[in-house]
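Every chain is numbered from 1, with letters handed out A, B, ... down the list of sequences.
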Amino acid sequence: AQTVTQSQPEMSVQEAETVTLSCTYDTSESDYYLFWYKQPPSRQMILVIRQEAYKQQNATENRFSVNFQKAAKSFSLKISDSQLGDAAMYFCAYSSPQIQGAQKLVFGQGTRLTINP
Amino acid sequence: NAGVTQTPKFRILKIGQSMTLQCAQDMNHNYMYWYRQDPGMGLKLIYYSVGAGITDKGEVPNGYNVSRSTTEDFPLRLELAAPSQTSVYFCASSVRGTGELFFGEGSRLTVL
């Protein structure tokens with residue numbers, strides 16, 4: 001079974017600085033998706049960024065980028081120019097393509113990110 | 001579009017009671033999911049559905065039942081509630097091929 005590990009329960013960063021959240025995963029499959037989801041205090045899960053395993057280029061979304069190391073099974077999230085609104089729980093998640101098309105995500109334990117003004 | 005709507009947002013149950021968490025989506029997504037999130041933990045998949053009339057178990061299905069009679073609705077039934085089912089429950093939906101799940105706001109359930 002696939003597993004996702006986030007080894008940093010909490011992180012903090014000064015506003016406008018850069019922070020990197022770590023994630024490792026375990027799988028024997030070659031084709032899969034990786035995600036970072038944000039969960040603010042409102043509880044709703046929001047997709048931050050997505051990476052397809054077959055793509056060598058790291059995904060970027062504005063201030064958010066990933067460092068995808070397929071051989072090392074590592075998938076870190078870098079947040080540049082941190083803003084107060086970035087404060088949230090961040091979850092790393094894994095999904096492999098299913099025959100019927102469902103996306104059965106496996107989540108890590110989460111990293112709570114605090115932004116210091 | 002409302003997206004994924006869950007009701008109720010909060011509920012307190014006594015041990016042994018039953019209830020249904022409602023989930024509806026208006027995006028015409030084929031795929032729907034129920035996850036639970038225990039304090040300080042990530043989400044775990046309870047059940048999922050690939051279309052009306054088709055459901056399957058996830059990682060933690062014991063104590064729950066689901067049905068999918070329409071594309072829009074995917075209710076989660078708790079029979080004989082136990083304290084171990086105290087959690088926040090999330091419903092989500094997706095389309096084929098994108099990998100992205102759209103989540104509801106969650107339902108906080110406490111069993112006393």
Side-chain angles (χ1 to χ4, degrees), chain A residues 1-10 21 23-25 29 31-55 59 61 66 68 75 88-112, chain B residues 2-6 8-10 23 25 29-61 66 68 71 74 87-109:
Chain A
Q2 292 82 14
T3 59
V4 177
T5 302
Q6 294 177 249
S7 58
Q8 305 155 315
E10 296 183 355
L21 308 184
C23 173
T24 59
Y25 59 94
E29 297 172 334
D31 187 19
Y32 49 87
Y33 296 100
L34 295 165
F35 309 86
W36 280 97
Y37 276 87
K38 171 184 178 181
Q39 187 179 42
S42 66
R43 268 193 342 225
Q44 189 161 17
M45 300 285 284
I46 302 165
L47 179 66
V48 174
I49 200 164
R50 173 180 66 220
Q51 175 81 42
E52 290 94 337
Y54 69 88
K55 291 186 177 180
E61 288 287 343
V66 299
F68 173 47
F75 183 62
M89 282 288 285
Y90 286 81
F91 291 96
C92 180
Y94 166 101
S95 172
S96 60
Q98 303 291 311
I99 294 173
Q100 291 179 307
Q103 295 292 340
K104 297 163 63 177
L105 266 62
V106 176
F107 285 85
Q109 305 92 320
T111 297
R112 182 173 301 282
Chain B
V4 179
T5 303
Q6 293 182 232
K9 289 187 168 43
F10 302 93
C23 176
Q25 54 93 8
H29 288 174
N30 283 339
Y31 306 98
M32 296 188 74
Y33 314 82
W34 274 105
Y35 284 87
R36 61 176 285 174
Q37 183 182 27
D38 297 329
M41 302 295 288
L43 282 67
K44 292 187 183 296
L45 182 64
I46 305 171
Y47 270 96
Y48 68 101
S49 170
V50 301
I54 307 170
T55 63
D56 204 351
K57 296 178 180 178
E59 183 182 356
V60 289
V66 294
R68 183 99 181 268
T71 298
F74 190 42
S87 191
V88 179
Y89 292 84
F90 287 93
C91 180
S93 69
S94 72
V95 296
R96 189 186 189 101
T98 67
E100 178 179 0
L101 266 60
F102 295 83
F103 284 86
E105 294 182 344
S107 299
R108 182 179 296 278
L109 175 67

**Student:** For A/Arg50, is it the side chain, the backbone, both or neither that has a heavy atom under 4.5 Å from a heavy atom of chain B?
**Tutor:** side chain
**Student:** Chain A heavy atoms under 4.5 Å from B/Val4: which part of the residue, side chain, backbone, both or neither?
**Tutor:**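 Nothing of B/Val4, per the 4.5 Å heavy-atom cut-off to chain A.
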**Student:** I want to check something: taking the side chain as every heavy atom from C-beta on, are A/Phe91 and B/Gln37 in contact at a cut-off of under 4.5 Å?
**Tutor:**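 Side-chain contact under 4.5 Å: yes.
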**Student:** Hydrogens and angles aside, do B/Ser94 and A/Gln103 bring a side-chain donor and acceptor to less than 3.5 Å of each other?
**Tutor:** no
**Student:** Between A/Gln39 and chain B, with a heavy-atom cut-off of 4.5 Å, which part of the residue counts as in contact: side chain, backbone, both or neither?
**Tutor:**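 Side chain only.
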**Student:** Quick one: list whatever passes side chain to side chain donor-acceptor pair (under 3.5 Å) with A/Gln44, sequence neighbours left out.
**Tutor:**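 None.
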**Student:** Which residues pass the ring pair (Phe, Tyr, Trp, His ring centres under 6.0 Å) test with A/Tyr94, not counting sequence neighbours?
**Tutor:** A/Tyr32
**Student:** Within a strict 4.5 Å, meaning less than it, do heavy atoms of the B/Val66 and B/Met32 side chains meet?
**Tutor:** no
**Student:** I need the contact set between residues 44-56 of chain B and chain A: heavy-atom distance under 4.5 Å, sorted by residue number.
**Tutor:**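 The stretch touches chain A at B/Leu45, B/Tyr48, B/Val50.
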**Student:** Go through the atoms of A/Leu105 and report whether side chain, backbone, both or neither lie under 4.5 Å from a heavy atom of chain B.
**Tutor:**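 Contact with chain B is through both the backbone and side chain of A/Leu105.
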**Student:** Please determine, among B/Gly58, B/Gly40, B/Gly104, B/Ala92, the option with the most heavy-atom pairs under 4.5 Å with chain A.
**Tutor:** B/Gly104
**Student:** Just how far is it from atom OG of A/Ser95 to atom CD of A/Glu52, taken to the nearest 0.5 Å?
**Tutor:**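 The CD atom of A/Glu52 is 11.0 Å from OG of A/Ser95, to the nearest 0.5 Å.
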**Student:** Can you see which heavy atom on B/Tyr35 is nearest to which on A/Lys104, and at what distance?
**Tutor:** OH-C, 4.0 Å
**Student:** With A/Lys38, which residues qualify under salt bridge (Lys or Arg N to Asp or Glu O under 4.0 Å), at least two apart?
**Tutor:**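 By the salt bridge (Lys or Arg N to Asp or Glu O under 4.0 Å) rule, A/Lys38 matches no residue at all.
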